[in-house]
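Below is one structure, written out as structure tokens; comments come after it.
Chain letters run A, B, ... following the sequence lines, proteins first, then strands; residues in each count from 1.
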Amino acid sequence: MNQPGSEPRAESTAPDGDTRPADFIRALIAQDLSTGKHSHVVTRFPPEPNGYLHIGHAKSICLNFGVAAEHPGSYCTLRFDDTNPAKESAEYMEAIKRDVHWLGFDWGSRLRHASDYFQHLHDWAVDLIRSDKAYVDSLSGDEIRAYRGTLTEPGRPSPYRDRPVEESLDLFTRMGRGEFDDGAHVLRAKIDMASPNLNMRDPIIYRIRKLTHHMTGDAWCIYPMYDFSHCLSDAIECVTHSLCTLEFEDHRPLYDWFLAQLDVPAHPRQIEFARLNLTYTVMSKRRLNELVAEGHVTGWDDPRMPTVSGMRRRGYRPEAIRDFCERIGITKKDAVIDMGLLETCVREDLDAVTRRVLAVLNPLKVIIDNYPEGHSEEIDAPYHPQKPEMGSRKLAFSGQLFIDRDDFMEDPPRKFFRLAPGREVRLRYGYIIRCNEVLKDPASGDVIALRCSYDPETRSGGAQSGRKVKGTIHWVSAAHAQPVQVRLYDRLFSVPDPGADKSQSFKDLLNPDSMRVVSQAWVESSLSKARPGDRYQFERQGYFCVDQPDPETGRTVFNRTVTLRDSWARLEKQGSQSPRRG
RNA sequence: UGGGCCGUAGCCAAGUGGUUAAGGCACCGGGUUUUGAUCCCGGCAUGCGUAGGUUCGAAUCCUACCGGCCCAGCCA
């Protein structure tokens, strides 16, 4: 039930054939299983529905659902941590469910909400008050902060700390009945105001929030805080291993404290791991939300966003994301993963499954003088060079073509293998052509077309098809090509760690070229069948995914998922002086 | 100056006292190629934050120091 499309790799295989758990969490779980502490494992993925899922969540999803899928009788539940109606919504909840499914995981019938447990949680809070382990505090927010002390100074007890149990009970009941305004009172656990761990200095466990909740409506006006709600929700679900990120490490003593005070059905073990950081992007919901709210991107699913929905629109497949999550590992080390690794995973995945087609993004007209006037022909071209089973399609060839301007240089450097005056190239799947003349705009001097000749013997599969030339370029027949819109996406930020410098806004570091729109590119005619979600490789350029049609022109839109690796571009960069363009 | 956690290559990451410190990404060579793609082959830490110590033997144990991250929401 919790199975992703492909077998998750639970264990790594050592050279001697030995298998050992893939990471420290799986090792701990394996131990709990082998000692008989547990017979199966129960995990949960607990998002707060206050934003869209990003690839950091994907790491957690792969871990939680993955671990469950690796052991018989085990499962992972999807539980919404919806204890703060001020920030949460049903829209986010739906988006999260869609994304988890898309990633390839299934919670089956185990969809839960912390709000499902509000009554139970409330009763436990009353138990705590009765046993003098919690009290209603009537200090203001500012006062509570002042009494809490600092990192180096202990806190002081609130004057209400020793309020009689009956009084707290009465006040808490009236809080729940809506007799007080927001902020008038809170319920606090009675632990230790002098603890070096600030989380233990009488943490607030209930606050008044007169808001409509997207699940419970107006049934409640007091809502539990995370620390109280989370451990108890885990306990109700008999979670065996509660996996969360490093910033909750300091909360673990509190997690365990609540479970020790109350009569609970289970005492889950909280284990923390490092959250995912990626270069050239930001990962906090707060920052992503800011980008959306201020219009720096078009939405949570903008293809430049590190969100699951953004990556989906960008053309990433869930297989690639899962592979990535597996490759980065699970540790407690604060790591920053190279965006290049994600891109490698995406390329590897797409290389195997994607059909290759021809498209010209920046057209330069090529006129083939010796090709029969008004004539055209069809060339059969395979969809994948290594996978004949993927079939082929017909390509129209004629005397008027478009090639990419990057594939021509009037005065090329030594290692340029493409078209130049007097030089030959092969047209992919077609003929070898020679450039005889460069046509320029007399006013601007810009190259506007190339007069070429073709060698009729060199057609793919023909007599001279084995003849070697240095380069092969892509092309389309001018009369047959379809106009489309292409969006070239690049990294969202222009520096590896946009969040590093706290003195300047990360938004000043946005990459101004993160999206370039080519409003009229030319694609081979077979692409008239392309539908949103379809993925292709544009040969020599990259992988592209069809988005919704452009509303203004109705044209098909192709989003660039990722470029192909380009060792020529790297060479070009290394040569200090960039060669002149044609 | 309190507490918690973390330091193995440019980036990840195995390794849990005993052969020459796995693997991946990146990078650098070379081969194949009608995608400068893919694929294949080779290279890439006398070194494990630093300094001492224990031991026949230390990335693994001990001590001290250095560096980084997190915590003072009625957020999660």
Next item on the list: Using modelled atom types only, decide if a donor and an acceptor are shared between the side chain of A:T307 and the backbone of A:W300 within a distance under 3.5 Å.
Entry: yes

Q.
OP1 or OP2 of B:rU33 versus the side-chain N and O atoms of A:T472: is any pair under 4.0 Å?
A. no

Out of B:rG7, B:rG2, B:rG36, minimum distance to the side chain of A:K333 belongs to B:rG7

Does a side-chain N or O of A:S195 approach OP1 or OP2 of B:rG3 to a distance below 4.0 Å, or not?
no

Would you say the side chain of A:E348 and the base of B:rU38 hold a donor-acceptor pair, judged only by whether the two atoms sit under 3.5 Å apart?
no

Looking at B:rC75, I'd like to know if its phosphate oxygens (OP1 or OP2) sit under 4.0 Å from a side-chain N or O belonging to A:R209.
yes

Touch class at under 4.0 angstrom, heavy-atom based, for A:F416 against every strand present: base

**Asked** So does A:R145 get a side-chain nitrogen or oxygen closer than 4.0 Å to the phosphate oxygens (OP1/OP2) of B:rG73?
**Response** yes

Name the nucleic acid region contacted by A:S140, choosing base, sugar-phosphate or nothing; use a 4.0 angstrom heavy-atom cut-off, strictly under. base

Taken to the nearest whole Å, CZ/A:F544 to C1'/B:rA37 is 13 Å

Discussion item. Need one value for A:I204: base, sugar-phosphate or nothing, where a base atom within 4.0 Å counts as base even if backbone is also close, heavy atoms only.
Written reply: base

| query | Reckon A:V469 touches a base, only the sugar-phosphate, or nothing at all at heavy-atom distances under 4.0 Å? | reply | nothing

Any side-chain N or O of A:T331 under 4.0 Å from OP1/OP2 of B:rA13? yes

- Message: Students often get this wrong, so: under 4.0 angstrom with heavy atoms, is A:H251 touching a base, only sugar-phosphate, or nothing?
- Response: base

Check: If you look at every strand shown and take non-hydrogen atoms under 4.0 Å, does A:I432 touch a base, only sugar-phosphate, or nothing?
Finding: nothing

Is A:W568 stacked against the base of B:rG36, taking the criterion as centroid distance under 5.5 angstrom and interplanar angle under 30°?
yes

Separation of B:rC5 atom C1' from A:D334 atom CG, nearest Å, is 10 Å

Cation-pi geometry met for A:R355 and A:Y383 (6.0 Å, 45°):
yes

Subject >> Under 3.5 Å donor-acceptor pair, A:S460 side-chain atoms to B:rU34 base atoms >> reply: yes

>> If you go through the side-chain atoms of A:R418, does one of them form a donor-acceptor pair with the base of B:rG36 closer than 3.5 Å?
In response: yes

Between CD of A:E343 and C1' of B:rG24 the distance, given in whole Å, is 16 Å

### Task
Check every strand shown and say whether A:L342 touches a base, only sugar-phosphate, or nothing at a heavy-atom separation below 4.0 Å.
nothing

What contact category does A:Y429 fall into here, base, sugar-phosphate, or nothing, at under 4.0 angstrom with non-hydrogen atoms? base

Which part of the nucleic acid, if any, lies within reach of A:P385 when heavy atoms closer than 4.0 Å are counted: base, sugar-phosphate only, or nothing?
base

* On a plain distance test, is the side chain of A:R426 in donor-acceptor contact with the base of B:rU34 below 3.5 Å? -> yes

Separation of B:rA72 atom C1' from A:D250 atom CG, nearest Å, is 12 Å

- [ ] Remember a base hit wins even if backbone is also touched, and classify A:T150 as base, sugar-phosphate or nothing at under 4.0 Å, heavy atoms.
- [x] base

Short side-chain N/O contact from A:R201 to OP1 or OP2 of B:rG73, under 4.0 Å:
no

Paired with A:S242, the side chain to side chain donor-acceptor pair (under 3.5 Å) test is passed by just one of A:Q270, A:R252, A:R44, A:E237, namely A:R44

